[in-house]
Number of protein chains: 2
Amino acid sequence: MKPTDSELEILQVLWQEGPCTVRQINERLAENREVGYTTTLKLMQIMYEKGLLTRLEEARSHVYEANVSEEETQSTLLERFVDTAFRGSASKLVMHALGNHKSTPAELDEIRKLLDQIEQQP
Amino acid sequence: MKPTDSELEILQVLWQEGPCTVRQINERLAENREVGYTTTLKLMQIMYEKGLLTRLEEARSHVYEANVSEEETQSTLLERFVDTAFRGSASKLVMHALGNHKSTPAELDEIRKLLDQIEQQP
DNA sequence: TCTCATCTACGAAATATTTCGTACAAAAAA
DNA sequence: TTTTTTGTACGAAATATTTCGTAGATGAGA
């Protein structure tokens, strides 16, 4: 399941904040760009129909929760992205990403450790 | 300039093959999925108007060429992708990419060298 | 010359995505 | 109780993207 750009924006808020009402999401989105309440509502209803979100209808204002994990979504999107933008070459993508040196030394160390792990497997 | 998915598909062919006619592109695209000739033509005309492609009109069938480099396009797309899918964390993306995809030992070595380079800069 | 195949241009349909207005229910405030 | 606020549902407009049909030009071959 590939979320659209707007859907991903909503998922990001839910992954960071946990369960939210439409109003809460809308307020977070509105920090960055202008967006009407019913726009956000409609999007979340669609996402609910698609199974991207679950919701509790007990209170008058429903509480929504992400029904896909951040990790799994990132993997899905990444796979597609590697294919379409980097012709399937994950290492090329990695080089590019590291090339824009925005990573801290600690992060670089973590990557190095991961490399060690991978190379030590037979 | 962010190319759409279809536009990126066409750019990929041009980056691999060099200058092409619409027919050549269409044949390459048709290897993977069904797509009409005029569909490809129209897309390439739009890309020309946007400045994504240049073209030689000397022959009856125009010869198109990419007007944006693969590298620069990858950087643009990557930056956006890191932000939307990985909240701006390039290192998280790298970890995912290395974890999910199989890279050859040679590629992993290259990455390691790049890490060395980055860390040795003051 | 007279088809026939192939090309461009371009309008418009088809599809996908995003945005919003309106109707109506229910809680909260006056 | 009456009014105001806040919520859902949902149709449909607005926008973006993709697809295709048709018209007309041009060159190749009969």
Side-chain angles (χ1 to χ4, degrees), chain A residues 1-14 19-65 68 73 76-77 80-81 83-85, chain B residues 1-14 19-65 68 73 76-77 80-81 83-85:
Chain A
M1 179 79 257
K2 192 206 174 193
T4 66
D5 285 352
S6 296
E7 288 172 346
L8 188 54
E9 228 182 334
I10 288 171
L11 285 172
Q12 290 290 7
V13 177
L14 286 167
C20 286
T21 62
V22 174
R23 181 148 303 281
Q24 289 172 310
I25 301 280
N26 185 245
E27 271 162 14
R28 278 289 303 268
L29 299 185
E31 287 169 13
N32 303 315
R33 59 192 182 84
E34 206 164 315
V35 54
Y37 176 83
T38 55
T39 299
T40 304
L41 171 67
K42 179 68 166 184
L43 266 173
M44 292 176 72
Q45 286 172 343
I46 290 170
M47 292 170 77
Y48 172 69
E49 282 162 23
K50 288 188 187 174
L52 288 173
L53 306 181
T54 57
R55 71 182 183 191
L56 287 176
E57 307 188 5
E58 286 160 31
R60 184 157 89 95
S61 61
H62 305 169
V63 176
Y64 288 81
E65 196 169 355
V68 289
T73 304
T76 304
L77 292 174
R80 180 183 294 248
F81 184 68
D83 283 347
T84 58
Chain B
M1 179 82 255
K2 192 204 176 193
T4 67
D5 285 353
S6 296
E7 289 172 345
L8 188 55
E9 229 183 333
I10 288 171
L11 284 171
Q12 291 287 8
V13 177
L14 286 167
C20 287
T21 63
V22 174
R23 181 149 303 278
Q24 289 173 311
I25 300 281
N26 186 245
E27 270 162 15
R28 278 288 304 269
L29 298 184
E31 287 170 13
N32 303 316
R33 60 192 182 82
E34 206 164 314
V35 53
Y37 176 82
T38 56
T39 299
T40 304
L41 171 67
K42 179 68 167 184
L43 267 173
M44 292 176 72
Q45 285 172 344
I46 290 170
M47 292 170 76
Y48 172 68
E49 282 163 23
K50 288 187 186 175
L52 287 172
L53 306 181
T54 57
R55 72 182 182 191
L56 287 176
E57 308 189 6
E58 285 159 31
R60 184 155 89 94
S61 62
H62 303 169
V63 176
Y64 288 81
E65 195 168 355
V68 289
T73 304
T76 303
L77 292 174
R80 181 183 295 247
F81 183 69
D83 283 347
T84 59

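Residue numbers begin at 1 in each chain, while the letters A, B, ... track the order of the sequences. It should be emphasised that the depicted structure is a prediction, and the values quoted were computed from it without experimental measurement.
For B/Arg33, no side-chain nitrogen or oxygen approaches OP1 or OP2 of D/dT18 to under 4.0 Å. A sub-4.0 Å separation between OP1 or OP2 of D/dT18 and a side-chain N or O of B/Thr39 is absent. Dashed line: the shortest gap from a side-chain N or O of B/Tyr37 to OP1 or OP2 of D/dG21 is not under 4.0 Å. Contact annotation: B/Thr4 does not reach the phosphate of D/dT17 (side-chain N/O to OP1 or OP2, under 4.0 Å). Contact annotation: A/Arg23 side-chain N/O to D/dT5 OP1/OP2 distance is not under 4.0 Å.
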task: Go through the steps to decide whether A/Leu11 and A/Leu53 satisfy the test side chain to side chain contact (heavy atoms under 4.5 Å, CB included), and finish with yes or no.
output: CA-CA 9 Å; A/Leu11 285 172; A/Leu53 306 181; 3.9 Å; yes
field: B/Tyr64 vs B/Gln45, side chain to side chain contact (heavy atoms under 4.5 Å, CB included): CA-CA, chis, key distance, verdict
entry: CA-CA 10 Å; B/Tyr64 288 81; B/Gln45 285 172 344; 4.2 Å; yes
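Within the 4.0 angstrom heavy-atom criterion, no nucleotide atom of any strand lies near A/Glu7. At a threshold of 4.0 angstrom between heavy atoms, the contacts of A/Ser6 are confined to the sugar-phosphate backbone, with no base atom among them. Backbone-only engagement by A/Ser61 is indicated by non-hydrogen atom pairs under 4.0 Å involving sugar-phosphate atoms exclusively.
Atom CG in B/Leu29 sits roughly 10 Å away from atom P in D/dT19 (whole-Å rounding). Computed from coordinates, the B/Asp5 CG to D/dT19 P distance equals 11 Å when rounded to whole Å. When the P atom of D/dT19 is taken as reference, atom CD of B/Gln45 falls 15 Å away, rounded to whole Å. Atom-to-atom, CG of A/Asn26 to C1' of D/dG7 comes out at 13 Å; the value is rounded to the nearest Å. Counting to the nearest Å, the P atom of D/dA25 and the CD atom of B/Glu57 are 17 Å from each other. Rounded to whole angstrom, the span from the CG atom of A/Leu43 across to the C1' atom of D/dA12 amounts to 15 Å. If you take CG of B/Leu8 and C1' of D/dT18, they are 15 Å apart, rounded to a whole angstrom. Taking atom CD of B/Glu58 as the reference point, atom C1' of C/dT8 lies 16 Å away to the nearest angstrom.
Exactly one residue among A/Lys2, A/Lys50, A/Gln12 makes a side-chain hydrogen bond (donor to acceptor under 3.5 Å, both in side chains) with A/Glu7. That residue is A/Lys50.
No more than 12 heavy-atom neighbours from other residues, nucleotides or ligands sit within 6.0 angstrom of CD on A/Glu34.
Proximity note for A/Lys42 (side chain, C-beta onward) versus D/dT8, C/dT8, C/dC20: the nearest is C/dC20.
Taking only distance into account, the side chain of B/Arg60 meets the base of C/dT6 through a donor-acceptor pair shorter than 3.5 Å.
Judged by distance alone, with hydrogens and angles left aside, the side-chain atoms of A/Thr38 form no donor-acceptor pair with the main-chain N or O of A/Leu41 at under 3.5 Å.
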